[in-house]
There are 2 protein chains.
Amino acid sequence: MEAVPRKTTIREVARAAGVGIGTISRVLNSSSQVSWKTRARVLDAIRRLGFRPNAQARRILKKRAEMVCFLLSNRDFLHPFHARILQGVESYASGMKQHVLFAALHYSPRTPPEKIDLPPVLQEHGLIDGVILAGTIYPNLLRRIEGIQMPFVALSNNVMGMDDVQQFDQVGFDDLNGTLQATRYLISKGHRRIVFAGDVSYPWLQRRFEGYGRGMREQKLKPVLITARNVPSFGDFGQESVGRILSGRSRPTAVVAGNDEIAYGLWRALCRRGVKVPDEISLVGFDDREEAVLMDPPLSTVCVHKEEIGETCMKMLLERLHHPQMAFSQRVLPTEFLIRGSVRQL
Amino acid sequence: MEAVPRKTTIREVARAAGVGIGTISRVLNSSSQVSWKTRARVLDAIRRLGFRPNAQARRILKKRAEMVCFLLSNRDFLHPFHARILQGVESYASGMKQHVLFAALHYSPRTPPEKIDLPPVLQEHGLIDGVILAGTIYPNLLRRIEGIQMPFVALSNNVMGMDDVQQFDQVGFDDLNGTLQATRYLISKGHRRIVFAGDVSYPWLQRRFEGYGRGMREQKLKPVLITARNVPSFGDFGQESVGRILSGRSRPTAVVAGNDEIAYGLWRALCRRGVKVPDEISLVGFDDREEAVLMDPPLSTVCVHKEEIGETCMKMLLERLHHPQMAFSQRVLPTEFLIRGSVRQL
DNA sequence: CTGAAAGCGCTTACAG
DNA sequence: CTGAAAGCGCTTACAG
């Protein structure tokens, strides 16, 4: 660990070891065979000089950056959901000797594709091999990324406005089956009057509503949607909709919330009104945010394996890079309903 | 947005525009003056061919990667705390045309420095210009990073086992003043019997305890520490210590928790025993995690400006890169006590 | 097995 | 203002 001038170059190592620069490169890449003796001399010189090869130079020849970009779009914060996906991406990437660059982007769905001001890393080329699109994805961003010929994988659950065939690689999780499981569970616990709370203008909440609806219809029960638009946050949505939930002729015994935030909003508003969870009303959420276990009682919710999603994105992107002509693939990862304390047996 | 073979090179653009490659480079870097006419021809050729310069090649000449690494050490998850710091780093970086690479590392404090297996990005050189150390930082990691001559800035709040002079750049926040403010607030609300709950074998909890102690002594009050070691999680710590808090001869009227997690643990355990917050006991936390506002009543806590910490880290690292000989600096960002509903006026 | 040379895609003095 | 050349730090055929 001696002090080492960082600019040590392969040429200096070659001189110190008394060999040609090609030989240094060969032992570095352990590609072709180098004699035992020479290799030892070279290794020794490398250690003595504290030589670390310049990655840029290698990459320019390899035509591979060995780096991908995790692009988070239209998010004010790196929320735990995406943070853990990023972590899954990094985890798989590092195993494959790939690097992960984190970048953020804010854009409007109405900007023409070619006008979207991508982060510099996507404007140059050679820096990254591909990109993982996270956050909210509108068609214009997709067009833009295709326009620069950049291989990509999209996190499909937040793709907006593309109901038809989707000609790109994507990884998602099973919204519909998540609420289906949750609804079946509620029914198995004796619940009949169950409502769904969520703003279904979001495609993912729409899918969750459909899963709930399917569960209800299986048992000849009537789905009821509590929705609203233009509410500032999901938490407020929960607080605002509680009135309508409680005011019906026959009050529901359970609520399927479109996500955990809505569930929290509901839960707090219920507390305020002195309505006890789960004694008087049962509640389930979706996402399994960290807070879910902090609630009292802990929230029963649908679990999404975030790390696995990240890993799958990275894996799929790598496959795409190695087989550019391969057919596009869509993977939907399973979701899992977690039974905790917020549902009561009737 | 025509389909463009990504391998378009500066030489092809030069040919298309009928100029030398040096001229292309000049308009790209808008460095020296190029005639109006030539510049237009070149720009046109660039657009027609969809040319995007190869970043690696430029960097190799500039001797600057324009990229830094955010290295998260010894963390199983990218928690919201570090996620928001990362976001602050990225935000400042992108404004300065720098890129941010995310990497994770797991190491033991007992591994000799030279044996620490750094992520590849730190083993090669040229890929990044510097590193921001986040997560838990032991002296051996510091030695290792110094050993490879890599400029760095450390998030100082999680630095372990270095009480003396610290010869490196660091950014932190004011643990001590945070609990000092919180304690003064409690006292101003009429509280006298206030205890501190936290495992002070962590340096940061020790500092928070000191801030609390100072606040108590200012008013000739006696600091009381509720501590324990080897508890699996901070949440469990809260649950376990509630018994000792309630069992004393004179029950305290308020608790300063070492962090929000401990506060949640306490709060839930108090709920279980039917002790109401804040009616029967007041509670304050530290960190201002997202959940703090979800509690009922919302938790009064010490706020740490995470984005600002990230921005400051990035800024300081950039200064270091531009002035390698500059004296090391330590910056401590202020913390702020947030008054919410978990404290009662006595 | 190994050296010398050509070349990756750029930037930057050096001449005009 | 601009072209031709040298060079950044590597890798990889090409010869021996």
Side-chain angles (χ1 to χ4, degrees), chain A residues 4-43 45-46 49-67 97 120 123-129, chain B residues 4-43 45-46 49-67 97 120 123-129:
Chain A
V4 168
R6 52 156 23 153
K7 26 73 176 290
T8 310
T9 172
I10 202 174
R11 238 167 287 266
E12 305 172 46
V13 180
R15 197 141 40 81
V19 298
I21 62 165
T23 301
I24 308 297
S25 179
R26 283 177 202 113
V27 343
L28 247 29
N29 297 291
S30 55
S31 50
S32 46
Q33 47 276 40
V34 179
S35 80
W36 178 248
K37 266 184 65 181
T38 317
R39 154 169 264 111
R41 274 225 311 286
V42 169
L43 254 20
I46 287 176
L49 299 177
F51 172 67
R52 292 180 298 142
N54 183 306
Q56 314 271 14
R58 176 203 265 108
R59 272 143 223 244
I60 206 174
L61 279 305
K62 295 276 187 186
K63 311 233 182 255
R64 270 283 155 90
E66 294 166 1
M67 178 145 36
K97 311 233 173 260
Q123 302 208 26
E124 304 174 294
H125 97 251
L127 237 194
I128 55 171
D129 298 320
Chain B
V4 168
R6 50 145 38 143
K7 30 68 176 295
T8 310
T9 172
I10 204 174
R11 239 167 285 267
E12 304 172 49
V13 180
R15 195 139 44 78
V19 298
I21 61 164
T23 302
I24 308 296
S25 178
R26 282 177 203 113
V27 342
L28 247 30
N29 298 290
S30 55
S31 50
S32 46
Q33 47 276 40
V34 179
S35 81
W36 178 250
K37 266 185 62 182
T38 318
R39 154 168 261 109
R41 275 224 312 284
V42 168
L43 254 20
I46 287 176
L49 300 176
F51 171 68
R52 292 181 299 142
N54 182 306
Q56 314 271 14
R58 177 203 264 107
R59 272 142 222 244
I60 207 174
L61 280 304
K62 296 275 186 187
K63 310 237 182 251
R64 269 284 155 89
E66 295 166 359
M67 177 144 39
K97 311 231 175 264
Q123 304 209 26
E124 304 174 293
H125 96 252
L127 237 194
I128 56 172
D129 298 320

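Since the structure is predicted, the reported quantities are computational estimates derived from the model, not experimental observations. Per chain, numbering begins at 1; letters A, B, ... match sequence-line order.
- Rounded to an integer number of Å, the gap from CD1 of I21(B) to P of dG3(D) is 11 Å.
- Picking from dT2(C), dC10(C), dG9(D) the nucleotide with the shortest atom distance to the side chain of F51(B) gives dC10(C).
- Considering only the side chain of A57(A), dC10(D) comes nearest among dG9(C), dC10(D), dT12(C).
- The base of dG3(C) lies close enough to the side chain of R26(A) for a donor and an acceptor atom to sit less than 3.5 Å apart.
- Side chains of N29(B) and R58(B) form a contact here, defined as non-hydrogen atoms less than 4.5 Å apart.
- Using a 4.5 Å cut-off on side-chain heavy atoms (C-beta onward), I46(B) and L28(B) make contact.
- Nearest to the side chain of N54(A), among dG9(C), dG9(D), dT11(D), sits dG9(D).
- dG3(C) and dC14(D) make up a base pair, with Watson-Crick or G-U wobble contacts both under 3.5 Å.
- Using a 4.0 Å heavy-atom distance criterion, R11(B) is classed as a base contact.
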Listing, residues 11-22 of chain B side-chain donor-acceptor contacts under 3.5 Å, not counting sequence neighbours, or none:
from	atom 1	to	atom 2	distance (Å)
E12(B)	OE2	T9(B)	N	3.2

| message | Evaluate E66(B) against R59(B) for side chain to side chain contact (heavy atoms under 4.5 Å, CB included), listing each step before the verdict. | response | CA-CA 8 Å; E66(B) 295 166 359; R59(B) 272 142 222 244; 3.3 Å; yes
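- Taking only side-chain atoms of T23(B), from C-beta outward, the nucleotide of dC8(C), dG3(D), dT11(D) with the closest atom is dG3(D).
- Looking at heavy-atom distances under 4.0 Å, I24(B) makes no contact with the nucleic acid at all.
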